[in-house]
Amino acid sequence: MMMGATDNGHGSSGALPGAGLGGWPLLQGYKAQQTYDELLTKDGTIAAHWQYLIQALHALGLDNLHRRSASIQDIIQAQGISYRLEEGNMAERPLGLDPVPILFDSVSWRQLETGLIQRAELFKALLADLYGPQRVLNKRMLPPEVVLGHPGFLRPCTTLGREPILTLYGADLSRDSHGQWLVSADHLQNPLGMGYALEARVVLARALPSLFREAHPHRLRLFFQMLRNTLLRLGETLEAETPAIAMLSAGTSSSSYPEDAYLAHYLGYPLIDGSDLRVTDGKVQLRTVSGTEPVHVLVRRNQDIACDPLELGRHAIQGTPGLLHAVRLGTVALSNTPGAGVAENLGLFPFLEQLAQFFLGTSLQLPCMPTLWLGDSRQRTHVLRHRDGWVIRHVDGTLLWHPESSETSWKKAKALLDSRPGLFVAHAPVPWATAPSLAAEGLSPQPFGLRTFAVADEHHTFYVMPGALGIVVAPDASYEHTLRLGGITKDVWVLSSEQVRDTDVASVLRRPWPFPHQEGPLSRRVADNLFWMARYLVRAEMQCRCLHEMLARFTEVIRAQSDVVLNALLPMLCPNRPMPHWSPGVDPFVIINDQVAGFSLESLRGNLSSVTRTARAVRKRLDDWSWRLLHQLESDLEHGLGHYGLRHAAEQVFTKIIAIRTLAAEGMQVDPAHCFLHLGQHLESALQLLLLLHAALSSATEQENDDLVESLYVVSGINPNQYRSIGYRVDGKEGIISLMLLELRNPSSMAHLLANLEQDLDMLGRALQDTTHVAAAQALLLQAQQALAAQRSTALLQPTQFETLSQRLRQTLWAISDLLTENFLRQPTATHQLVNL
């Protein structure tokens, strides 16, 4: 039985001293609305299972609680816990997390668990029928238009020849005014949010460790171990001795990608997208830097319709051609099987009670929000007469009419209803219960909803996560919409009567939990992003160096616009853009700022944007400090790099770039991924050095050499005094060329960078056991080293000699880049159909 209004869902109030609100300063302004409130019992006292938390928060004090809240956001920002504003928009915002969790006692949660398990089993049986004998359609237990008119019903999936797999199930819950739980949405394609639930738990336990430990909430780790075991079992049913499991995302531009990256890292699976896979001879293969490797189980995080462009049409353009065919052959298992989206159908709500009796022989324990199917003339007439009390939606969830909509909107909605009423449902507005959240003056009741999760276990039933993702909802907003508006999440604690130990997990382990986390095979896409992230960092670093040196040369009295350093270094700020026209009286700061503020792919802003884009694609290979700095770089981009504060901005950005580059290299284990990061760094450093020398030495006259040479040393980070002390000539063109091109003792020289590239390629060849493609790159590198060694610094003083060598080195370095890209990084172009099936 579900919790009723008689006990308010809390059991005894405890009647302990201080159980009322008067003695608690944090609750002085706490006034429950005309809704169900989680904190309070029916008589207005604090529920028993909340009393320890309220006492602990009172002891902590309001000021300390606000400080803990700030530290929570610091942790979130440092760890890169973020969400996307919308699909296809790469901009991210740190996730908001309230420091006050939502509490449930074990008894009331167990009742909720029972209802969630029943719903999951009901949908599993329903999917097997809809993609099999279709008894519910033949018996008219479901109107055909509700199922066949829903975009989630995928006809190609009726020929898969096996029962659909339902590994994960999610449900959105709210309470009515009596405390009755209601389901407002079911999630069966790829239930999103469980990663955020885990992240919220980790962060809150870190920010409030003693409170978390003493409250005895059930741990979430067991849920994810259940998921790992279930996926292993799926792979073993395919007769794979060691099943290869990967997490299939919707791509780096999808709104769920930040969560996907966290989950993949936590579970120890490689994160891939459809372009990383190919189907050969009916088997799914993962494209890696060392060839292809088989994949047996895919944890889907994309939509059903995005899986296979060969059978599901243009909406699956980012999918893998032939994936459904591999499912038919039984060479790969997907969780959940494509086609499960039809069960997310709001048109099923009015019929679930009857379906529960048919499939399970029992009543539905966890009811849906009140919903009417408008294909029924009586129900449609009722809704039309009382439309202000109903929200009308398409069976796929698309909003058609809301009581606050305009009369014009109603006329359009009425026309659609009259034409195809069977495709629409009406439901009462979703009620929201309230729970305590931190406000400026204490705790205040805020409306919230829950997204709960269940995973199929090895015994063919379901295990419910002992917790959920709580979301403080905006009025009349969905969960996703609230998140995209910057909504606040809440951790959900299911309290145990005794301390919960992590050792409880050991009893369900079938395979060792991967620690430290194993990223699995290195996909071409990940290697490509690491390679280019390093290159963009080097480009941005060089531009910051040039910008800072240019600005440092100007005092309060503006120098003449013919300054050689300005003329030489300005092209480095934005290659391929026309040089500005100099004229007397023009403020050089204005010209420099225009070059920096203007956005192009080659500009400083463009390179910084590319750094953050590629870093997101490999987010869990970067440490917390790198993510903190990357978020600061994004903030710099949003607010601009300044005007007369440009020099300070350049210093700040430069410092962050150097830190990210160092942390990224030192924070990764030495493996193929590390090799590609270093290759990108050293390759781009060599190319930037050639560009710098070419821009500078081709523009200076003999009289201007001294100023220019001094600036080149500053830009390149060389201290010439160190070389003077050992008798090295560092003055004039001859000195700068010799030191920056030929001197092996200079770690920034071309000779030293080519030696680093030689080591990188040697390490890559050993790591990948590749003797063909890496050897070809090594042969090209040897040609560059020989060309450099054959030159004398005095000969390079001649413009033609320097230009010949520079051009040859550039061509060789780009040839190495192209060879690596073609054989290890670039994704082969997939063939997609051009018309819908």
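Throughout, numbering of the chain's residues begins at 1 and tracks the sequence.
Looking at Phe104 and Leu112, their side chains never come closer than 4.5 Å, going by heavy atoms from C-beta outward. The shortest side-chain heavy-atom distance between Asp186 and Tyr169 falls under the 4.5 Å cut-off. Between Leu364 and Leu355, the closest side-chain pair of non-hydrogen atoms is not below 4.5 Å. Put simply, the side chain of Glu113 does not reach to within 4.5 Å of the side chain of Phe462, judged on heavy atoms. No side-chain heavy atom of Asn229 sits less than 4.5 Å from a side-chain heavy atom of Asp457. Proximity of Gln446 to Asp98: side-chain heavy atoms (C-beta onward) are nowhere separated by under 4.5 Å. When side chains are defined from C-beta on, Pro436 counts as touching Trp50, because their heavy atoms get closer than 4.5 Å. Counting heavy atoms from C-beta outward, Leu122 and Leu360 have side chains that approach closer than 4.5 Å.
The salt bridge (charged side-chain N to carboxylate O under 4.0 Å, His left out) test applied to Glu199 returns no partner, not counting sequence neighbours. Residues satisfying the salt bridge (charged side-chain N to carboxylate O under 4.0 Å, His left out) test with Arg619, not counting sequence neighbours, are Glu92. Residues satisfying the salt bridge (charged side-chain N to carboxylate O under 4.0 Å, His left out) criterion with Arg201, sequence neighbours excluded, are Asp491.
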Report the C-alpha distance between Thr461 and Glu121 in whole Å, list the side-chain angles of each, state the deciding distance to 0.1 Å, and finish with yes or no for side-chain hydrogen bond (donor to acceptor under 3.5 Å, both in side chains).
-> CA-CA 7 Å; Thr461 185; Glu121 291 177 341; 3.0 Å; yes
Checklist line | Ser71/Asp74 under side-chain hydrogen bond (donor to acceptor under 3.5 Å, both in side chains): CA gap, chis, key distance, verdict | finding: CA-CA 5 Å; Ser71 70; Asp74 286 343; over 6 Å; no
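In summary, the side chains of Glu38 and Thr434 do not present any donor paired with an acceptor at a separation below 3.5 Å, with no hydrogens or angles considered.
Checked against Tyr266 for a ring-ring contact (aromatic ring centres under 6.0 Å, His included), the options Tyr196, Phe223, Phe224 give a single hit: Phe224.
Pairing each heavy atom of Phe349 with each of Val183, the nearest pair is CE2-O, 3.6 Å. Annotation for Leu234 and Ala333: closest pair CB-CB, 4.3 Å, computed over non-hydrogen atoms.
Between the side chain of Ser106 and the backbone N or O of Leu495, at least one donor-acceptor pair lies under 3.5 Å.
The neighbour count for Gln357 CD, taken as heavy atoms of other residues, nucleotides or ligands under 6.0 Å away, is above 12.
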